[in-house]
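These notes are about the structure you will find just below.
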Number of protein chains: 2
Amino acid sequence: MTRPKLPAPPSASPPKAPAPTPVQLMDQLAQAAALYYRNFAAVAAERDLTLMQGKMLSLLRRPMPMRALADLLACDASNVTGIVDRLGARGLVRREADPSDRRVKMVMLTEEGEETVRQIRSELMSNLTGLESLGEEDRHAFQRLLSQVLPAVST
Amino acid sequence: MTRPKLPAPPSASPPKAPAPTPVQLMDQLAQAAALYYRNFAAVAAERDLTLMQGKMLSLLRRPMPMRALADLLACDASNVTGIVDRLGARGLVRREADPSDRRVKMVMLTEEGEETVRQIRSELMSNLTGLESLGEEDRHAFQRLLSQVLPAVST
DNA sequence: CTCAATGGTTGAGTAGGTCAAGTATTCTCG
DNA sequence: CGAGAATACTTGACCTACTCAACCATTGAG
């Protein structure tokens, strides 16, 4: 932790270790993303759900056409058919015809599905203790940095 | 952007929008992770590689036993066999016996594999323009926040 | 030297993924 | 209106990824 004798950086009030390069940050981002999904998959697995099944449940905050799910999951529509089938067979979601366009099938959570999503989200949150420990300043900064580096898509 | 009449937050020099809640941050994190992998998968797909194949190539900075790959990818060893088989069939990696322990097979990139990894990494980087745009301060902050929220595993 | 532990592969079974083809419905426009 | 394009979804074929149990080869411990 001793102060290195580097040429003073342009900004920075308290001199710190050299700033990570963008490439290093990319690698850290890769690790963070991997870690996030590993955690998510583990939480889903406790309920005998795969990663994709968990993801889909989490997306279903409101009823949604199959097509919309395919777009959100960035996969083929035929893929969604299978996943919804399996979730449906377990009573976590159901399909309902859209009266205004009979081509469309709306997918929605059942009661049990809602409950499962609640459980998953709360367990996810409880595994991300690092998030709780951030102060207001840090939460602001994190939000800003994330949306600057990985501009979120509208949900 | 007008100043809201909230009770002044404890810290903060310039008053801003209300800080995101930990739960909101979790959702944003989910989106960021999804976006990162969507990008990664797209870059890999351009070279006819799956996400996992791309990941594995990227991990092979140095020769590594199958076992180590399984640990890094957090999957079953038998899984690695298949992936390495397919990458091997395309000439991107090869297996070599470890002389010091003949049970072990070291997996390593071929020349073509090295080149592919270089290409993937550089294209990934060029898609993450947001990273390049961060100043020293922000890079520091991002690194700190990421490792606080998602403590990285040693590579 | 025997036996347990370790590294890797194989085979069976499921899920996720794409693509092409097919059905049903809606939209467009002459 | 009515024919044809476009859209939503499903199905079937085919591959990758993933897990589990069983298996072989080698190593390590007693």
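Fair warning: this is a prediction, and the values are worked out from it, not measured in the lab. Per chain, numbering begins at 1; letters A, B, ... match sequence-line order.
Each of Met108(A), Lys105(A), Met106(A) was compared with Arg94(A) under the side-chain contact (heavy atoms from CB on, under 4.5 Å) criterion, and only Met108(A) meets it. Paired with Met56(A) under the rule side-chain contact (heavy atoms from CB on, under 4.5 Å), one option of Leu73(A), Val107(A), Val93(A) passes, and it is Leu73(A).
Atom P of nucleotide dC9(D) and atom CD of Glu96(A) are separated by 14 Å, given to the nearest angstrom. Asp85(B) has its CG atom 11 Å from the P atom of dT16(D), to the nearest Å. If you take NZ of Lys55(B) and P of dC18(D), they are 8 Å apart, rounded to a whole angstrom. Rounded to a whole Å, the CG atom of Asp76(A) is 10 Å from the C1' atom of dA20(C). Across the protein-nucleic acid pair, Ile83(B) atom CD1 and dG16(C) atom P stand 17 Å apart, rounded to whole Å. As a whole-Å value, the separation of Leu73(B) CG from dT19(D) P is 10 Å. Separating the NZ atom of Lys105(B) from the P atom of dA25(D) is a distance of 12 Å, rounded to the nearest angstrom. Rounding to whole angstrom units, CG of residue Asn79(B) and C1' of dA15(C) are separated by 13 Å.
Using a 4.0 Å cut-off between charged nitrogen and carboxylate oxygen, Arg102(B) and Asp98(B) do not count as a salt-bridge pair.
Listed candidates were dT10(D), dT26(C), dG8(C). Nearest to the side chain of Pro65(B) is dG8(C). Listed nucleotides dT26(C), dC9(D), dT9(C) differ in distance to Arg95(A); the shortest reach to its side chain belongs to dC9(D). Comparing dT10(D), dT9(C), dG7(C) by their nearest atom to the side chain of Arg67(B) picks out dG7(C).
Within 4.0 Å of Ser78(B), counting heavy atoms only, lies at least one base atom of the nucleic acid. Among the protein residues, Asp101(B) comes within range of the sugar-phosphate backbone only, with heavy atoms under 4.0 Å from sugar or phosphate atoms but none that close to a base.
Between Thr81(A) and dT11(D) there is no side-chain polar atom (N or O) within less than 4.0 angstrom of OP1 or OP2.
Nearer the 5' end of DNA chain C, as judged by each residue's closest nucleotide, is the contact made by Met52(A), out of Arg102(A) and Met52(A). When the nearest nucleotides of DNA chain C are assigned to Gly82(B) and Cys75(A) by heavy-atom distance, the more 5′-ward of the two goes with Gly82(B).
A donor and an acceptor atom sit less than 3.5 Å apart, one in the side chain of Arg103(B) and one in the base of dT6(C).
Of the N and O atoms on the side chains of Gln119(B) and Glu115(B), at least one donor lies less than 3.5 Å from an acceptor on the other residue.
Looking only at distances, no side-chain donor or acceptor of Glu123(B) sits under 3.5 Å from a matching main-chain atom of Ile120(B).
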